[in-house]
Colleague: 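One structure follows; several queries about it will come next.
Letters A, B, ... mirror the listed sequences (proteins, then strands); counts begin at 1.
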There are 2 protein chains.
Amino acid sequence: MRMSTKAQYAVRALVSLNLTSDGDPVSIKDISSRENISLNYLEQLFVKLRRGEIVKSVRGPGGGYMLARPAADIRVDEIIDTVEETLVPVSCMEADGSCSCTSECATQSVWQGLGNQIRTFLASMTLEDLTNEGRRRLDS
Amino acid sequence: MRMSTKAQYAVRALVSLNLTSDGDPVSIKDISSRENISLNYLEQLFVKLRRGEIVKSVRGPGGGYMLARPAADIRVDEIIDTVEETLVPVSCMEADGSCSCTSECATQSVWQGLGNQIRTFLASMTLEDLTNEGRRRLDS
DNA sequence: ATCATACCTGAGTGTTTCTGTCAATTATTT
DNA sequence: AAATAATTGACAGAAACACTCAGGTATGAT
């Protein structure tokens, strides 16, 4: 039961972006060197984040990425969904919580409940929350 | 973020065992055919479950496995721990929730909180709960 | 214009984990 | 002795993961 680095990187990169941005776009290269994440790998993630309308891109010199929406409107579960990491703990279960198992499957309720817990928790945190947390850590 | 089949099979197999047992040991072959899980694979899981003192084995004809403790004393998170599936969502974090990340890692709190949620939820369910759920499904 | 910057894209690759098989052994009961 | 069933370790195919590489395209600055 591990969150993939894809999801971890995406969240970290967005916090980093939001922390260092002052209205201007931030280049992916900056984020890469600051967070020690492979540049090319980060690019792939940002393609997805752009398509998911989490960030928007500015091309050309001085360009980079910036948030497509206020940080308070970006939930952590959205970020993870966008980089295509499933939050559903078993494969027989759909994203909406329904399950294709037979009715005599007694363990269904465990995974269904677990999925709900995970979803609810990650939906309760926004990028703004994490950025504030980051600022607090920088101060101390 | 998927629970491995190892964990899923272990829980299903134990529910099945507890449902069909009437005090006598249940052979792994029975469970295998009832739950459609590879016999040899199940064996591996039961070795771990035995070492983890979730089940005990009875060898020879008429033998098999039985619960080592009352079903009400076996929590789901214990089962999953025993078959060696980690419940900690990121690798930098220990089982006790402590993290080896640097202090400026702002995403730590997400994974830490998520890990706690998962652990707490799975610790709130026992094998007895699931068995009762199974009985209810069989009746209807 | 052209050059540098930086986003954009898809193909490819080594590693690891997962999932399961196979073969052989040991212990127990009938 | 023979049958049953747990026990163990080695192994292997497949899939996912975590990148790398090699280009391409759009844009602003000189």
Colleague: Just the rounded figure in Å: distance from P of C/dC7 to CG of A/L49.
Modeller: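 After rounding, the gap between these two atoms is 13 Å.
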
Colleague: Once you round it to whole Å, what is the distance between P of C/dC18 and CD1 of B/I37?
Modeller: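 Roughly 17 Å, once rounded to whole Å.
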
Colleague: Between C/dT19 atom C1' and B/M3 atom CE, what is the distance in whole Å?
Modeller: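 Whole-Å distance recorded here is 17 Å.
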
Colleague: Please give, in whole Å, the distance from C/dT26 C1' to B/E43 CD?
Modeller: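 Distance, rounded to whole Å: 13 Å.
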
Colleague: Heavy-atom distance under 4.5 Å between the side chains of A/I118 and B/L114, does that happen here?
Modeller: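 They are in side-chain contact.
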
Colleague: Considering only heavy atoms of chain B and a distance under 4.0 Å, specify the first and last nucleotide of DNA chain D in 5' to 3' order that meet this criterion.
Modeller: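 Nucleotide range with atoms under 4.0 Å of chain B: D/dT4 to D/dA10.
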
Colleague: Are A/T126 and A/D129 linked by a side-chain donor-acceptor pair shorter than 3.5 Å?
Modeller: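 Indeed, the side chains of A/T126 and A/D129 share at least one donor-acceptor pair under 3.5 Å.
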
Colleague: To check you understand the geometry: which heavy-atom pair defines the closest contact between B/E78 and B/I54, and what is its length?
Modeller: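 Closest approach of B/E78 to B/I54, heavy atoms only: CB-CD1, 4.4 Å.
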
Colleague: Would the distance check show the side chain of A/S32 and the main-chain N or O of A/S38 forming a donor-acceptor pair, the cut-off being under 3.5 Å?
Modeller: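 Side chain of A/S32 to backbone of A/S38: no pair is present.
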
Colleague: Quick one: does any side-chain atom of A/S16 pair with a main-chain N or O of A/R12 as donor and acceptor, under 3.5 Å?
Modeller: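 Checked: no pair found.
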
Colleague: Using a strict cut-off of less than 4.0 Å between a Lys/Arg side-chain nitrogen and an Asp/Glu carboxylate oxygen, indicate whether A/R75 and A/D81 qualify as a salt bridge.
Modeller: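 Salt bridge absent between A/R75 and A/D81.
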
Colleague: Using atom CD1 of B/I80 as one end and atom P of C/dC18 as the other, report the distance to the nearest whole Å.
Modeller: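 Rounded to the whole Å, the gap is 14 Å.
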
Colleague: Treating Ile, Leu, Val, Met, Phe, Trp and Tyr as nodes and any side-chain heavy-atom pair under 4.5 angstrom as an edge, say whether B/V47 and B/V55 lie in one connected cluster.
Modeller: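 Result: no, two separate clusters.
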
Colleague: Can you measure B/Y41 atom OH to C/dC22 atom P for me and round it to whole angstrom units?
Modeller: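 Going from OH in B/Y41 over to P in C/dC22 covers 16 Å.
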
Colleague: Examine A/L42 and A/V58 and state if one hydrophobic cluster contains both, with Ile, Leu, Val, Met, Phe, Trp and Tyr joined whenever side-chain heavy atoms are less than 4.5 Å apart.
Modeller: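 No: no chain of side-chain contacts under 4.5 Å links A/L42 to A/V58.
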
Colleague: Is there a residue in residues 6-32 of chain B whose heavy atoms reach under 4.0 Å of DNA chain D, and which residues are they?
Modeller: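 Residues of residues 6-32 of chain B that come under 4.0 Å of DNA chain D are, in numerical order, B/S27, B/I28.
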
Colleague: Rounded to the Å, how far apart are A/N40 CG and C/dG14 P?
Modeller: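 So the CG-P distance, A/N40 to C/dG14, works out to 17 Å.
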
Colleague: By the 4.0 Å heavy-atom rule, please label A/F46 as base, sugar-phosphate, or nothing.
Modeller: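 No contact.
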
Colleague: Assign the ring pair A/Y9 / A/Y41 to parallel, tilted or perpendicular, where the plane angle (0 to 90°) is split at 30° and 60°.
Modeller: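 Aromatic pair A/Y9/A/Y41 classed perpendicular.
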
Colleague: Between C1' on C/dT19 and CG on B/N36, what's the gap in Å once rounded to a whole number?
Modeller: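 Nearest whole value for this atom pair: 15 Å.
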
Colleague: Output yes when a side-chain donor or acceptor of B/R2 lies under 3.5 Å from a complementary backbone atom of A/M1, and no otherwise.
Modeller: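 Such a contact is absent between B/R2 side chain and A/M1 backbone.
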
Colleague: Identify, residue by residue, the members of residues 51-64 of chain B with a heavy atom below 4.0 Å from DNA chain C, and return them in order of residue number, or none.
Modeller: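 Hits under 4.0 Å, by residue number: B/R59, B/G60, B/P61.
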
Colleague: Does B/R69 reach the main-chain N or O of B/E53 with its side chain, forming a donor-acceptor pair under 3.5 Å?
Modeller: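 Between the backbone of B/E53 and the side chain of B/R69 there is a qualifying donor-acceptor contact (under 3.5 Å).
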
